[in-house]
Amino acid sequence: MRTTIYWFRNDLRLHDQRALQQAVEHAKSHQQALLLIYVHEPVQDEPTTWGFRRMGAHRRRFLADTLQDLQNSLQALGQRLVLLHGPVAKVLPACARAVQADTVFCEDIAAPEEEAQVQALINAGLHVKTLWQSSLIEPDALPFAAEDMPQVFTEFRQRIESKGLQPLTPLPAPTQLPAPPINSLTALPGWTDSPFTLLQAHTEGDAHPRSNFPYTQAAYQGGETSALAHLQSYLTPPWPDRYKQTRNALQGQHTSSHWSPWLATGAVSARRIWAELHAYEQQHGSNDGTYWLWFELLWRDNFRMLHLQHGPQLYAARGLSKLTKPSHFPKDFQRWCNGQTGEPIVDAGMRELAATGFTSNRMRQIVASFLVHDLSCDWRAGAAWFESQLVDFDVCSNQGNWLYVSGRGTDPRAGRRFNPSKQTQDHDAQGRYRQVWLA
């Protein structure tokens, strides 16, 4: 019996899974088995050019929990998730041969490495069918072509809103799935003896008890189950209504939505969030807080569409600017990573990040600005450190935000320097945040 493969990437959920739905329909129409795969690439375990592991302990733990939750959901449907270890270009074609598969379905990710993975599978002779499903608004629905996308976010947002564009209705989770292949899955190339041991082995205990996102607690664990429970918990008065007023707070688990870690792994879809938010507005009324949640989700869309427009140029040293190649001072960078710069608000933020894998959006802007504008270090090093540390690392948002702060993106200003003294006065005047992380 032949097999259809679905390759999970950054879409580790069952609800609103249009790409998975395509794979299921293909398997059924061709009377094929369905093999569900996640690939962990060795490069994630290796040091970057900046000298640290690409995927740090916090990210690994959150991802491992996310995969375990997906495995539990699939087992309830008579399926399972097969985790392979090795380069996608090697283990996925070999796996396809072992189960007599020639078609792979997966989500479309418009980032250079992710596109290269898909091309490698095509080069290996596989039919790869990708589907875009990570944004609120579909690229094809935008009121402009990707190459003509406005360079300033405000115009991007206004043109979408003026057209009254709305996200597609999210799909419910499937209630049944085709069976996996009868082949011995333990014989698949790259198969790991215990699917999640590979990731869990590199974790380093629990998150800090003062974390803004305590991911070792059940309510904040990785996975679709916790994601949907948290979505309902947050969409309870008064939290959404207060969002605009509290979103820049440095502490507090309800000052922000904290959706980003689950969005980053795809445990919840942006469309599902919008549908629930819209339902909240229908029941409780709309206001600046609920609008600003939509606003931030559109920012996320914008960073994704920028990748469709500019691609690899977003990863060049100059970014989209005509600025010279950035300077870099490794010792200063290391002091920044360790929270030992001598600037209290920055050091507090960097220590929180290292201890918890999370820090507020405002703090990310403060520490990123300090690295680029005060320490004159390479923005790409900072982006790589965030990639390693953040439980909510998202390739498009991370790259877009670092380009924005460094003045190498589409922002009309030549850089966004955040004055540490002013930021301290505005956001930690009483010193409570610094007291937690510098004690």
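If you read the sequence from its start, that first residue is 1, and numbering goes on from there.
- Closest approach of W274 to P167, counting heavy atoms only: CD1-CG, 3.1 Å.
- Here the side chain of H30 pairs no donor or acceptor atom with the backbone of T3 at under 3.5 angstrom.
- Aromatic ring orientation, F156 versus F144: tilted (interplanar angle from 30° to 60°).
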Fill in: Steps toward side chain to side chain contact (heavy atoms under 4.5 Å, CB included) verdict (L375, R335)
CA-CA 10 Å; L375 297 180; R335 290 193 297 113; 4.1 Å; yes
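- To the nearest 0.5 Å, atom CE of residue M363 and atom CG of residue N248 are 11.0 Å apart.
- Screening residues 109-141 for ring-ring contact (aromatic ring centres under 6.0 Å, His included), with sequence neighbours left out, gives no hits.
- The closest donor-acceptor contact from the side chain of N398 to the backbone of A383 lies under 3.5 Å.
- Using a 4.5 Å heavy-atom threshold, the side chains of S269 and H15 count as touching.
- Centroid-to-centroid, the aromatic rings of W239 and Y243 stay 6.0 Å apart or farther.
- Between A27 and P178, the closest heavy-atom pair is CB-CG, 4.1 Å.
- Between S369 and R416, the closest side-chain pair of non-hydrogen atoms is not below 4.5 Å.
- With sequence neighbours excluded, no residue forms a salt bridge (Lys or Arg N to Asp or Glu O under 4.0 Å) with R318.
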Item to complete: Please lay out, stage by stage, how W294 and E281 fare under the test side-chain hydrogen bond (donor to acceptor under 3.5 Å, both in side chains).
Response: CA-CA 11 Å; W294 156 266; E281 290 183 322; over 6 Å; no
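- Taking CG of L34 as the reference point, atom CD of Q79 lies at 5.0 Å (rounded to 0.5 Å).
- W402 pairs in a ring pair (Phe, Tyr, Trp, His ring centres under 6.0 Å) with only one of the listed residues (W379, W385, F386), which is F386.
- With H328 contributing its side chain and D378 its backbone, the two residues share a donor-acceptor pair below 3.5 Å.
- A donor-acceptor distance shorter than 3.5 angstrom exists from the side chain of T236 to the backbone of Q232, with no hydrogens or angles considered.
- Listed by chain and number, the residues in a side-chain hydrogen bond (donor to acceptor under 3.5 Å, both in side chains) with R13 amount to none (sequence neighbours excluded).
- Considering only heavy atoms from C-beta on, C377 stays 4.5 Å or farther from P326 through its side chain.
- Looking at P180 and L36, their side chains never come closer than 4.5 Å, going by heavy atoms from C-beta outward.
- Shown are R2, K129, R97; of these, the salt bridge (charged side-chain N to carboxylate O under 4.0 Å, His left out) with D102 is made only by R2.
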Worksheet entry | Derivation of the side-chain hydrogen bond (donor to acceptor under 3.5 Å, both in side chains) call for Q133 and D16 | CA-CA 8 Å; Q133 59 177 10; D16 200 23; over 6 Å; no
Practice prompt. Evaluate the criterion side chain to side chain contact (heavy atoms under 4.5 Å, CB included) for residue pair L403 and R408; output intermediate values, then yes/no.
Written response: CA-CA 5 Å; L403 287 165; R408 296 170 185 268; 3.8 Å; yes
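- Between G382 and L371, the shortest heavy-atom distance links the atoms CA-CD2, 3.6 Å.
- Few gaps surround CD on E46; more than 12 heavy atoms of other groups in view lie less than 6.0 Å from it.
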Item to complete: Applying side chain to side chain contact (heavy atoms under 4.5 Å, CB included), run through H310 and L320 and close with a yes or a no.
Response: CA-CA 8 Å; H310 297 289; L320 304 180; 3.7 Å; yes
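- Using a 4.5 Å heavy-atom threshold, the side chains of E352 and N212 count as touching.
- A salt bridge does not link R300 with E296: none of the charged nitrogens is closer than 4.0 Å to a carboxylate oxygen.
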Discussion item. Between Q151 and Q309, does the side-chain hydrogen bond (donor to acceptor under 3.5 Å, both in side chains) criterion hold? Intermediate values first, please.
Written reply: CA-CA 10 Å; Q151 295 300 287; Q309 186 178 39; 2.9 Å; yes
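- Taking the six-membered ring where tryptophan is involved, the planes of Y6 and F8 are perpendicular, since the angle between them exceeds 60° and thus also 30°.
- Side chain of R159 to backbone of P143: a donor-acceptor contact under 3.5 angstrom is found.
- Ion pairing of R304 with D394 is present here, as a side-chain N (NZ or NE/NH1/NH2) and a carboxylate O approach within less than 4.0 Å.
- Side-chain contact, D69 with Q221: no donor N or O sits under 3.5 Å from an acceptor N or O.
- For residues 136-147, the pairs satisfying side-chain hydrogen bond (donor to acceptor under 3.5 Å, both in side chains) are E138-R271, with sequence neighbours left out.
- Classification of the H258-F358 ring pair by plane angle, with boundaries at 30° and 60°, yields tilted.
- Rounding to the nearest 0.5 angstrom, the gap separating the CE atom in M149 from the CD atom in E155 is 10.0 Å.
- Taking all atoms of both residues into account, the shortest heavy-atom contact from P181 to V99 is CG-CG1, 4.2 Å.
- Residues L165 and L142 share a closest heavy-atom pair of CD1-CA, 4.2 Å.
- A tilted orientation is assigned to the rings of W262 and H230, their planes being inclined by 30° to 60°.
- A distance-only check finds a donor-acceptor pair linking the side chain of R351 to the backbone of G339 [under 3.5 Å].
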Item to complete: Give the intermediate values and the outcome of side chain to side chain contact (heavy atoms under 4.5 Å, CB included) for residues W7 and V88.
Response: CA-CA 10 Å; W7 170 29; V88 167; 3.8 Å; yes
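- With Q22 contributing its side chain and F105 its backbone, the two residues share no donor-acceptor pair below 3.5 Å.
- Residues Y220 and F213 place their aromatic rings such that the two centres sit under 6.0 Å apart.
- Residues W437 and T359 fail the side-chain proximity criterion, which asks for heavy atoms closer than 4.5 Å.
- With contacts defined as side-chain heavy-atom distances shorter than 4.5 Å, the pair E114/R9 qualifies.
- Shown here for T4 and Q32, the closest heavy-atom pair between the two residues is OG1-OE1, 2.6 Å.
- Rounded to the nearest 0.5 Å, atoms CG (N338) and CZ (F333) are 9.5 Å apart.
- Annotation: salt bridge (Lys or Arg N to Asp or Glu O under 4.0 Å) contacts of R54 (sequence neighbours excluded): E113, E387.
- For the pair L70/T66, no side-chain contact is recorded, criterion being any heavy-atom separation below 4.5 Å from C-beta on.
- The distance between the ring centers of F370 and W336 does not fall below 6.0 angstrom.
- Separation of atoms CE (M1) and CD (Q31) is listed at 7.0 Å; rounding is to 0.5 Å.
- Distance OG1/T290 to CG/L235: 10.0 Å, rounded to 0.5 Å.
- Under the rule for a ring pair (Phe, Tyr, Trp, His ring centres under 6.0 Å), the partners of W292 that lie at least two apart in sequence or sit in another chain are F295.
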